[in-house]
Protein chains: 2
Amino acid sequence: MINSKTETRGLILNTAAVLFRNKGYHATGLNEIIRESGAPKGCLYYHFPQGKEQLAQEAIKVVGLEIQAKMEKVFQVYEDPVEAIQEFIRQSTESIFTRAEDRRFSVSLLALETMNMNENLRQTCSEVFSDWEEVVYNKLCSGGFSTETARSCSEMVIAMIEGAMTLSLTKRQPEALLSFADWAGRLLRQQ
Amino acid sequence: MINSKTETRGLILNTAAVLFRNKGYHATGLNEIIRESGAPKGCLYYHFPQGKEQLAQEAIKVVGLEIQAKMEKVFQVYEDPVEAIQEFIRQSTESIFTRAEDRRFSVSLLALETMNMNENLRQTCSEVFSDWEEVVYNKLCSGGFSTETARSCSEMVIAMIEGAMTLSLTKRQPEALLSFADWAGRLLRQQ
DNA sequence: GTCTATATACGGATAGAC
DNA sequence: GTCTATCCGTATATAGAC
């Protein structure tokens, strides 16, 4: 459990993270979160006094950290940064299209839904993107990229993953993601 | 007016297109569409018997065509395909960050919201993406790219635009989009 | 900490008059 | 083609007992 002061709180938060990431902010109801989590029905506003906004804000951080952990795990296995990034893309694609069809390795939906509606949530999503970029940046630097090149590349890598994932998921075809993995290899090595 | 058999119908549809594109499917209510459009209040289900789904499906097509028209307009001015693509990105960035802050040149939000919820809407978004790719594909071919290269590049260009736009909008900084325009130039010329 | 009941609003959708 | 009234479900949120 991540970020759980109590068992119940953590249960609700983790359930919320799954639902928000898969269905988005507006399509996920508080009732649904309580029902799915199996948590006591009366305790949501006790643990999250500011209601849905607070729950979403914390859940976005959880989603961000989950995906970041997955990325770091892959990065530890592959020393070469380019290979590591390619492998992360391929493994994410595999997860999406086989293990759990409706899961996304992305916070694009939450970001796009909330950016013009709630400044706190927008800011939280923005920080998640920046954190991911930092992980890629460090990996590129440790692999010999100049800090300037690594900075520019890391933002492009995250942007492209989000975009290619959106296209692949919409078309229900892994091609966009897989062909991006190939592209990323060529592009980064040419820097 | 696009696709309007009658004045009122077109009015509703165009208003719906603006709201859906900016706020997404779930955050946009039918009441809101009627109110904003100024259309007669009782006539929504007369013009759109299948309700919100039908309205959204047609609106997604409208949004897709609007963005496609914008792209084609820029492509007509610049003969070189790489230059044309770069210019489209720069002009879109300008539009987003100056003329109308909450406007997006994207259907990512609608695609991500509906893909696991409604097969019709998912399919419609998928077709919009494919149509955009086709425009880029034709431009690249006419500029001397091989059909194979053009096919792969066109999908990457659309994916990258969607991803970079998501990041730029979330961070409220044009950098991701503008730096992608530079990248796109280098990448495509190296093919 | 947890529960029930409820307030209040808004969502999409329908029926039937005009 | 348009309007009004309304049904019904669900949403977030709160009050107060236990």
Side-chain angles (χ1 to χ4, degrees), chain A residues 1 3-60 109-110 113-114 116-121 124, chain B residues 1 3-60 109-110 113-114 116-121 124:
Chain A
M1 292 290 181
N3 257 347
S4 59
K5 293 173 190 170
T6 68
E7 273 303 310
T8 298
R9 199 189 133 90
L11 195 62
I12 294 172
L13 182 52
N14 282 301
T15 306
V18 171
L19 288 170
F20 280 133
R21 133 147 106 164
N22 285 332
K23 311 189 5 170
Y25 182 83
H26 290 105
T28 302
L30 297 183
N31 300 332
E32 189 182 6
I33 293 170
I34 288 298
R35 200 188 335 114
E36 287 275 314
S37 70
K41 291 173 189 174
C43 65
L44 198 150
Y45 280 88
Y46 172 80
H47 292 291
F48 302 90
Q50 283 111 330
K52 193 176 188 180
E53 176 182 344
Q54 181 186 1
L55 189 50
Q57 187 163 3
E58 297 195 34
I60 289 167
L109 172 53
L110 288 162
E113 270 188 301
T114 60
N116 289 324
M117 188 194 92
N118 184 303
E119 178 58 17
N120 281 331
L121 299 181
T124 305
Chain B
M1 293 290 182
N3 258 345
S4 57
K5 293 174 192 168
T6 67
E7 272 304 308
T8 298
R9 198 189 134 92
L11 195 63
I12 294 173
L13 181 53
N14 283 301
T15 306
V18 171
L19 288 170
F20 280 133
R21 133 148 107 164
N22 285 332
K23 311 190 7 171
Y25 182 83
H26 290 104
T28 302
L30 297 183
N31 301 332
E32 192 183 4
I33 292 170
I34 287 297
R35 199 187 337 113
E36 286 276 314
S37 71
K41 292 173 188 172
C43 65
L44 199 151
Y45 280 89
Y46 172 79
H47 291 292
F48 301 91
Q50 283 111 330
K52 193 176 188 180
E53 178 182 342
Q54 181 186 2
L55 189 49
Q57 187 163 3
E58 297 195 33
I60 289 167
L109 172 52
L110 288 162
E113 270 187 300
T114 60
N116 290 323
M117 189 195 92
N118 184 303
E119 178 59 17
N120 280 332
L121 299 181
T124 305

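Naming convention: chains lettered A, B, ... in sequence-line order (proteins, then strands); numbering from 1 in each chain.
In this structure, the separation between CD1 on Ile12(B) and OG1 on Thr15(B) is 8.0 Å, given to the nearest 0.5 Å. Note: Thr8(A) OG1 to Leu13(A) CG = 12.5 Å, rounded to the nearest 0.5 Å. Put simply, CD1 on Ile33(A) and CD on Glu36(A) are 9.5 Å apart, with the number rounded to the nearest 0.5 Å. How far OG1 of Thr28(B) is from NE2 of His26(A): 8.5 Å, rounded to the nearest 0.5 Å.
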Shorter than 3.5 Å, N or O on both sides, protein versus nucleotides 4-9 of chain D: list them out with atom names.
none

What side-chain donor-acceptor pairs closer than 3.5 Å can you find for residues 39-51 of chain A, not counting sequence neighbours?
none

Got a list of side-chain donor-acceptor pairs under 3.5 Å for residues 18-25 of chain A, not counting sequence neighbours?
| residue | atom | partner | partner atom | Å |
| --- | --- | --- | --- | --- |
| Arg21(A) | NH1 | Arg104(A) | O | 3.0 |
| Arg21(A) | NH2 | Glu66(A) | OE1 | 3.4 |
| Asn22(A) | ND2 | Val18(A) | O | 3.3 |
| Lys23(A) | NZ | Glu32(A) | OE1 | 3.3 |
| Lys23(A) | NZ | Glu32(A) | OE2 | 2.7 |

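Residues from residues 43-52 of chain B that place a heavy atom under 4.0 Å from any atom of DNA chain C, listed by number: Tyr45(B), Gly51(B), Lys52(B). If you check residues 25-40 of chain B against DNA chain D, the residues with a heavy atom closer than 4.0 Å are Pro40(B), listed by number.
For Thr124(A), the side-chain hydrogen bond (donor to acceptor under 3.5 Å, both in side chains) test picks out Gln57(A), with sequence neighbours left out.
Rotation axes derived from the C1' atoms of the five outermost pairs at either end of the helix from dG1(C)-dC18(D) to dC18(C)-dG1(D) lie 0° apart, to the nearest 10°.
With hydrogens and angles disregarded, a donor-acceptor distance shorter than 3.5 Å links the side chain of Asn14(A) to the backbone of Gly10(A).
Side-chain atoms of Ile60(B) and Leu121(B), non-hydrogen and from C-beta on, do get closer than 4.5 Å to each other.
Residue pairs meeting the salt bridge (Lys or Arg N to Asp or Glu O under 4.0 Å) criterion with at least one partner in residues 46-56 of chain A, sequence neighbours excluded, do not occur; the list is empty.
A 4.0 Å heavy-atom criterion places the boundary nucleotides of DNA chain C facing chain B at dG11(C) to dT14(C), written 5' to 3'.
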